[in-house]
> 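I am attaching a structure below and will ask some questions about it afterwards.
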4 protein chains.
Amino acid sequence: MKKSVPSMVKDPQLVKKRREQMIKGAVRLFTEKGFHRTTTREIAKESGFSIGTLYEYIGSKEDILYLVCDAIYDEVSDRLTQQLHTNSKGIERLKLAIAAYFQVVNDMQDEVLVMYQEAKSLPKEALPYVLQKELEMTEMIEKVIRDCVAEGVFQLSEPEIKLTAHNILVQGHMWTFRRWSIQKLFTLEEYTTLQIEQVLASIRSS
Amino acid sequence: MKKSVPSMVKDPQLVKKRREQMIKGAVRLFTEKGFHRTTTREIAKESGFSIGTLYEYIGSKEDILYLVCDAIYDEVSDRLTQQLHTNSKGIERLKLAIAAYFQVVNDMQDEVLVMYQEAKSLPKEALPYVLQKELEMTEMIEKVIRDCVAEGVFQLSEPEIKLTAHNILVQGHMWTFRRWSIQKLFTLEEYTTLQIEQVLASIRSS
Amino acid sequence: MKKSVPSMVKDPQLVKKRREQMIKGAVRLFTEKGFHRTTTREIAKESGFSIGTLYEYIGSKEDILYLVCDAIYDEVSDRLTQQLHTNSKGIERLKLAIAAYFQVVNDMQDEVLVMYQEAKSLPKEALPYVLQKELEMTEMIEKVIRDCVAEGVFQLSEPEIKLTAHNILVQGHMWTFRRWSIQKLFTLEEYTTLQIEQVLASIRSS
Amino acid sequence: MKKSVPSMVKDPQLVKKRREQMIKGAVRLFTEKGFHRTTTREIAKESGFSIGTLYEYIGSKEDILYLVCDAIYDEVSDRLTQQLHTNSKGIERLKLAIAAYFQVVNDMQDEVLVMYQEAKSLPKEALPYVLQKELEMTEMIEKVIRDCVAEGVFQLSEPEIKLTAHNILVQGHMWTFRRWSIQKLFTLEEYTTLQIEQVLASIRSS
DNA sequence: CATGAATGAGTTTTCATTCAT
DNA sequence: TATGAATGAAAACTCATTCAT
């Protein structure tokens with residue numbers, strides 16, 4: 001499923017290290033000027049190596065974007081998964097999951113923003129992979145909700161579960177997309193509390 | 001507030017006509033390949049005139065994007081305003097407003113998608129204007145909610161009003177952004193009904 | 001059969017003129033440094049216009065090589081055809097043809113050298129066209145020989161006709177390829193006389 | 001006369017072995033894609049060692065081409081020399097020499113093709129050496145002819161001897177250069193027979 | 001006003017060569 | 001000796017913008 005990005009360098013450790021440098025540098029620049037306005041030379045410089053070296057670790061500029069998106073998905077996924085493995089039940093578990101997810105999104109604001117704004121510039125072959133990742137994220141949230149339904153905490157039809165999951169996910173993105181407005185109105189805690197209330201209210205009364 | 005786009009041509013009627021051609025052509029192309037991958041030459045051709053003529057009506061490529069976004073905002077605004085002027089009261093008015101907004105977003109999917117995906121490429125000076133427009137949109141929705149509160153239909157604090165407005169707005173965008181998933185799960189009518197239910201549930205119980 | 005080279009410019013007169021400039025400039029540079037060591041910028045400069053303009057008239061660097069080869073074939077062909085239309089019969093006609101061909105090759109030494117040395121760098125799709133052209137050239141010579149045979153001037157089998165044609169053609173190229181040696185030993189006239197003698201001797205005695 | 005190619009490695013045996021590997025690999029690649037389209041990395045890989053090692057045995061990419069051409073000349077020379085040392089006299093010796101030479105060229109088609117197509121890319125300093133080699137080859141053929149003249153087998157002036165030698169040499173190359181046509185018309189035996197007949201005919205009647 | 005040829009700065013990418021290990 | 005990661009100059013090609021007609 002993962003698109004493999006070609007590298008001329010054989011040592012996998014080194015590849016990993018260099019690509020991490022690259023991703024870090026690229027996110028900084030993409031955040032500032034977007035993917036298209038950032039040149040490969042700038043990325044190389046920001047990453048701390050030469051343009052020649054950059055191309056030892058990727059095949060094309062688009063690969064960098066893919067690497068960036070992939071890394072962000074992984075981190076968001078990981079942190080969310082980690083959170084979901086903690087012991088908690090019922091409503092509480094859903095609340096914690098939402099809070100955790102919002103927390104992750106808040107911690108990775110720049111990254112999340114970059115990912116959603118530039119995803120359309122990804123190489124065509126990477127699109128299915130990205131949609132797959134989005135689906136997985138949605139399913140993680142769905143599962144938490146579905147577990148609640150299974151436990152009898154509340155009643156929701158399958159479509160309602162899916163929609164709720166989408167809503168929660170998008171409310172996370174919203175915290176970054178509309179930060180110019182939302183983050184002036186609320187702290188993350190307030191935002192989290194209010195959105196959780198909304199979700200639960202709509203769930204309970206359905 | 002509106003950024004003025006320079007034109008060499010004096011006749012305002014002609015300017016208007018040409019720019020409309022331009023916007024139509026540009027939206028088609030941006031939808032397909034995005035702003036950065038579309039060349040000015042292509043836009044000129046798609047609009048039905050030469051590259052030289054194109055530059056008689058704009059100052060730079062970014063101006064086209066601005067013109068496009070501006071036109072889309074205007075149309076969405078207009079159609080929403082129009083809807084809000086119809087006679088209806090209380091909850092019903094809110095429901096109608098949401099449904100109307102979702103309908104507009106659905107009708108203008110390509111445009112809305114383009115606008116949100118490319119807005120970051122807008123010339124720096126245009127940013128405040130865009131945020132202003134977003135704010136106006138939000139305020140239109142807020143007003144409908146606030147009217148309900150004023151009529152005593154339900155109780156909501158100011159921050160809650162604002163958050164609800166944002167949520168509704170973003171649920172509209174979501175219909176386009178996540179169409180690869182959402183539009184497979186629901187028809188527009190189903191989506192509208194479910195989201196309205198959610199919003200109302202969360203409002204009533206608060 | 002001819003590969004069409006793309007141009008952004010519409011006026012065919014202008015295209016013709018610019019491409020002629022290009023070909024002239026390119027031959028000068030290819031002669032000096034070969035196709036691969038010549039940059040597109042150099043070709044543009046030598047042709048008297050900018051790199052941007054160059055690419056208004058071709059699609060890729062290889063197209064220039066194709067244009068060059070095509071032009072050379074055309075000129076050699078034309079001049080040979082012209083010669084063959086003059087009134088003469090029998091052996092005399094063959095002699096004149098050979099002499100004419102050697103004369104053309106001598107006049108276009110640089111061009112002929114470039115063509116044969118760089119032909120392998122031609123875009124893959126152009127190869128059949130080039131072979132076709134080579135075949136046509138061979139057939140022109142073959143025809144003169146075959147006419148002699150038909151007139152009963154001498155006897156040659158079909159394969160012998162073909163081989164003789166190839167030999168004559170290659171003796172022409174040889175005048176340029178091995179000029180560092182051959183042109184020190186003979187004037188063009190001497191070379192022509194001697195080679196004609198050889199060919200005729202071998203023919204008569206066969 | 002031989003251009004010396006610099007090596008960091010002292011052991012001459014090793015240098016010889018490594019360079020042989022290199023030449024073999026390079027010929028394979030040059031045959032396929034030409035000198036300019038072949039990278040040093042590819043040559044190293046095809047030769048069975050690393051790019052670093054490659055540069056222990058040469059000073060620059062051009063040196064490889066020189067090594068290749070030099071090796072080819074040596075092999076052609078050797079095999080021809082060997083043939084000429086067999087006992088035979090008069091016309092027969094000339095016939096055998098031509099046949100032997102054509103045989104060598106046929107056996108080494110790829111190499112011969114590479115050599116003549118890429119020779120122009122040789123480092124400037126190598127040019128005199130190459131011309132020298134070509135001259136030697138010509139002289140070998142010349143000598144055989146001159147011996148016949150000395151033996152009174154036939155009469156030829158010095159310039160005629162030289163021209164005939166060039167012709168024979170070039171007929172050898174022609175077997176590779178124009179193989180797309182010639183090798184469809186004749187087997188090597190037929191080609192050899194016919195060309196020998198031609199040469200002898202032209203010689204006898206002069 | 002309309003046209004489209006001309007421009008050249010800027011972009012991605014390649015690859016011969018070096019040098020620390 | 002052998003390795004291969006690092007380098008950066010140089011190459012092909014693009015495209016927003018201008019301006020003479």
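Below, chains carry the letters A, B, ... as their sequence lines are ordered, and counting in each starts from 1. Note that these values count all heavy atoms, side chains included, but never hydrogens, waters or copies made by symmetry.
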> If you check the C:Ile51 side chain, which of E:dT7, F:dA6, F:dC13 turns out closest?
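Of all the options, the side chain of C:Ile51 is nearest to F:dC13.
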> Salt bridge between D:Glu62 and C:Arg37, side-chain N to carboxylate O under 4.0 Å?
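Looking at C:Arg37 together with D:Glu62, the answer is yes, because their closest N to O distance falls below 4.0 Å.
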> Can you give me the N/O atom pairs linking the protein to nucleotides 19-21 of chain F at distances under 3.5 Å, or say none if there are none?
none

> Do A:Arg18 and A:Glu56 meet the salt-bridge criterion of a basic N to acidic O distance under 4.0 Å?
no
> Has B:Gln21 got a side-chain atom pairing as donor or acceptor with B:Ser47's backbone, closer than 3.5 angstrom?
yes
> Among pairs that include at least one residue of residues 41-73 of chain A, which meet ring-ring contact (aromatic ring centres under 6.0 Å, His included), considering only residues two or more places apart or in two chains?
A:Tyr66-A:Tyr129
> Identify, residue by residue, the members of residues 57-67 of chain A with a heavy atom below 4.0 Å from DNA chain E, and return them in order of residue number, or none.
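Hits under 4.0 Å, by residue number: A:Ser60, A:Lys61.
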> Once you round it to whole Å, what is the distance between P of F:dC15 and CD of B:Glu42?
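For the pair B:Glu42 CD and F:dC15 P, the rounded distance is 8 Å.
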> C:Lys45 near the nucleic acid: base, sugar-phosphate alone, or nothing, with a heavy-atom cut-off under 4.0 Å?
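Touches nothing.
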> With C:Lys61 as the cation and C:Phe35 as the aromatic partner, state whether NZ or CZ is under 6.0 Å from the six-membered ring centre and within 45° of the axis.
yes
> Where along residues 16-41 of chain A does a heavy atom fall under 4.0 Å from DNA chain F?
A:Arg18, A:Arg41
> Mind calculating the distance between CG (A:Leu54) and C1' (E:dT11) to the nearest angstrom?
13 Å
> Starting at the 5' end of DNA chain F and moving along, which residue's nearest nucleotide shows up first, D:Phe49 or A:Thr53?
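Nearest nucleotide further toward 5': that of D:Phe49.
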> Name the stems with DNA chain F in them: runs of three or more consecutive Watson-Crick or G-U pairs, distances under 3.5 Å?
E:2-21 with F:2-21
> Would you mind classifying the nucleic acid contact of B:Met8 as base, sugar-phosphate or nothing, using non-hydrogen atoms under 4.0 angstrom?
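If one applies the 4.0 Å heavy-atom cut-off, B:Met8 turns out to touch nothing in the nucleic acid.
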> Which pairs count as ring-ring contact (aromatic ring centres under 6.0 Å, His included) when at least one residue sits in residues 5-29 of chain C, sequence neighbours excluded?
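Listed once each, the pairs would be none.
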> Both B:Val9 and C:Val9 contact DNA chain E. Which one's nearest nucleotide lies toward the 5' end?
B:Val9
